[in-house]
Amino acid sequence: MIKMSRLVALFCAFALITTACGDDSSDDAASDVSIVIALGSEPTSLDPHLVDDGGERAVNDNIYETLLSRASNGDLVPSLAAGFPTRLSDTTWQFKLRDGVSFHNGEAFNAASVVASVNRMARLIEEGVSDLEGFFASLSGAEAVDDSTVNISTAEPDGVLPSRMYWLKIIPASAEASSDLSGSVVGTGPYKFVDWTRGESVNLEANTDYWDGGAPSVGDVKYRFISESGSRLAGLLSGDYDVITNLNPGDASSAPQAATALGQEHPILILDADEGITADRNVRLALNLAVDTDTIADSLFSGFASVDQGQILSPSILGYNEAIKAYPYDPERAAQLINDAGVAGETITLVGESSGRWLLDAELLQAVAGYWEDAGLVVDLQLPEFGAYIGVLFDRENRRDAVFVSSSNDILDADRQFSSYYEAGGIGSSNTDAELADLIDAGRREVDDAVRAGLYQKASQIAYDEAYFVWLINNEDIYGLSARMSWQPRADSKLLVKEMSAS
Amino acid sequence: MWTFVIRRVGQGLIVVVAAAVVVFLLTRAFTDPVDFVLPLEATEEQREAREAELGFDRPIIVQFGDYVEDLSRGDFGESLWQPGRSTIDIVGQTLPKTLQLVAAGMTLAIALALPMGMIAARRPGGVLDRILVTTSLIGLSMPQFFVGLLLLIVFAVQLQWLPVSGYGGFSHLILPALALALPAVGRLTMVVRSAMIDELNSQYVRVSKAKGTPTRVIFTKHAFRNAGVQVLTLSGWEITRALAGFTVVVEKVFAWPGFGLFALEAIQRRDIFLLSTIVLVAAILVVTVNVIIDILYKVIDPRIELT
């Protein structure tokens, strides 16, 4: 489908020359401003506790709120909680709640709403119907101390809890028993749900009683679902849409405005540190030195990516290690190391996937394979379909030399990526480094942020020194905006309409 | 006549059942939707729990038995992609939109192609004929997504006369219907033209011309009636093709929330339950259209024996 969008871009370049593509007619009063957002996929459900789905979040992030939220740079900040939680014990956290907040249906927000939200999530997980188990399975319960104080407990000491509370949307207490909230979407947020016509649109209207500063500057919001990226771009150019998601890097210059933010997507290659030719640290080092990540970011991703600084975390995440810098591109040294290790001319297996699940993933691996060949190896590049690829990625018995994964980090906490790919025994990890595993385990249990950050920085340093991975790039999220829009995208990829304005 | 209809419906049922069985077996044998649906980092236990919940841990023959039993009770299963919704509800919501698109597109195609083909056939080799034939050839050889994008860029992006995409009022229907119609106009025009030329050159037309029958009557009453069978065959093929999912390209380009687009989404999201229902319904539609076309042959040309 890339071809189609290229075609649109080409036509639109032509269109721009002949007529004004963007529509810059201005509207009158700010509160009357209504905008249209084109998403790549329709929400599968509007229940905030059931699905792990980008379409659902794009809409519900404007309707529902959470105890903690994040500033646009990724830092945790209080939202429905009046401040940061205090730790009563290693497994119990106390949240003081904001007063004077009410749900769109008039119900008051209080400790009962938080207890209901935690209980409902636990029930849905137990029934096996929620896709959010990975985020909330560690919660063991919530208890109202008084109307505006609530204690949340976990089964084990859980350093991730504050980030989890950034992810758990708070529902009214009366909704606790519901099995599907898609038909009754009621939150405390800046926008109220109006209607959802399946296959067509979701409509929201401004919440004029919003607790944080009253009505937002954009009044009505309409979401449309346009899976073809070329059609999204065409709609942006015709003035039908004001914001479109997942603009192709190659099309960014055709849009009236392209807005970007460094996202959480990190394509990396997991190297088998125990067997095969990658068991030699010098070979793993060479595989890093051989790849010109600057050129990949600038050419393949048209500059809409930055080079990974030798770690899987984005700078916005607690535990990011500023001291680690990307391995330089040094093809001579790479070839030398390969030669000295006595593996020149040997075959290395590199496995990715071919369904196009991630932006330009196959092209990225073809580029890497080319660089490795230049360093003196024979690359067996395998791009099976997604199911077969997942089988390889999670095959604990037989680790391949190098396996691609593009890991995203929704809740902006280091634990998920570290425990999945860095920690020995993790579902996609290829090393047996006990020291590294201990650091990650300690990080998960550590409830003090400063200590926790230190543990993760050390873990990143070990993985970097041992070159357990080939770190490639960190993708930018790219949005297309109409000429009248003004908006700076966020590190957590949330589409918060209250932060947008339109003239 | 009635024995014919009953026999064709019976044959159609076999086709429908075969399609359902093949899709069931292929989707179960070659995909594992659980890997796709769950987050990438889901644990092995989570995967197994979800497989058990969906019943994928049982032998395929048992799963098929349950599927047939559920179908016999009118239970088409729940969608994997849109949890809590019955797949037949999703089909019920999207199919009318595709039918609307196909009806508009095919009406447009036939309404354009009949006069174009007849005009071209009046003086084969003449200026009008050459223009119409060239236009038709361009129309039928352009890939549908290209036609769609071209219409979209000219009428929605540049001229801004019509909405760019999505489902809505009549104005939303015009561009997708046109995109669906244009290649079909090309094909149909060529068939109408050649069928008419054949008929106009036949003995009986020359005789009636010699007898002084007006050209208009020869065209509409005699020649066209006989050319109609060929036109009907191709129109039927166009409609079947559109219903069997070939609207998907147009639906994708114009974000038209129809049957084809949802079939594509079902494939991409590994919603094998929705896919099975879609294929089943599509097979029923195709068989139905074919039976109707066969009956129409008899109506148009009573000489045709229905066997």
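Residue numbers begin at 1 in each chain, while the letters A, B, ... track the order of the sequences.
- Under 3.5 Å, the side chains of B/T94 and B/Y167 contain no donor-acceptor pair of N or O atoms.
- Contacts of B/A104 classified as side chain to side chain contact (heavy atoms under 4.5 Å, CB included), with partners at least two apart in sequence or in another chain: B/L173, B/A177.
- Counting only N and O atoms by type, the side chains of B/E251 and B/T98 include a donor and acceptor under 3.5 Å apart.
- When each of B/Q93, B/R269, B/K97 is scored by its heavy-atom pairs under 4.5 Å with chain A, the top score falls to B/Q93.
- Taking chain B as the reference chain and counting heavy-atom pairs below 4.5 Å, the highest number among A/E385, A/Q417, A/R224 is found for A/R224.
- Residue contact with chain B, scored on non-hydrogen atoms closer than 4.5 Å, involves the backbone and the side chain of A/I226 alike.
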**Asked** salt bridge (charged side-chain N to carboxylate O under 4.0 Å, His left out) between A/R120 and A/D47: does it pass, once the steps are laid out?
**Response** CA-CA 11 Å; A/R120 179 166 189 264; A/D47 189 316; 2.6 Å; yes

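- Both the backbone and the side chain of A/S41 have a heavy atom closer than 4.5 Å to some heavy atom of chain B.
- Under the side-chain contact (heavy atoms from CB on, under 4.5 Å) rule, A/R232 has a single partner from A/N246, A/L39, A/L247, A/V243, which is A/N246.
- Every residue two or more places apart in sequence or in another chain that forms a side chain to side chain contact (heavy atoms under 4.5 Å, CB included) with B/V21 is listed here: B/V17, B/L25, B/F64.
- Both the backbone and the side chain of A/R198 come within less than 4.5 Å of a heavy atom in chain B.
- There is no contact between B/Q268 and chain A, counting heavy-atom distances below 4.5 Å.
- Contacts of A/D240 with chain B are made by side-chain atoms alone, with heavy-atom separations under 4.5 Å and no backbone atom involved.
- When heavy atoms are compared at a cutoff of 4.5 Å, B/I90 does not approach chain A at all.
- Looking at A/F225, the atoms closer than 4.5 Å to chain B (heavy atoms on both sides) all sit in the backbone: N, CA, C or O.
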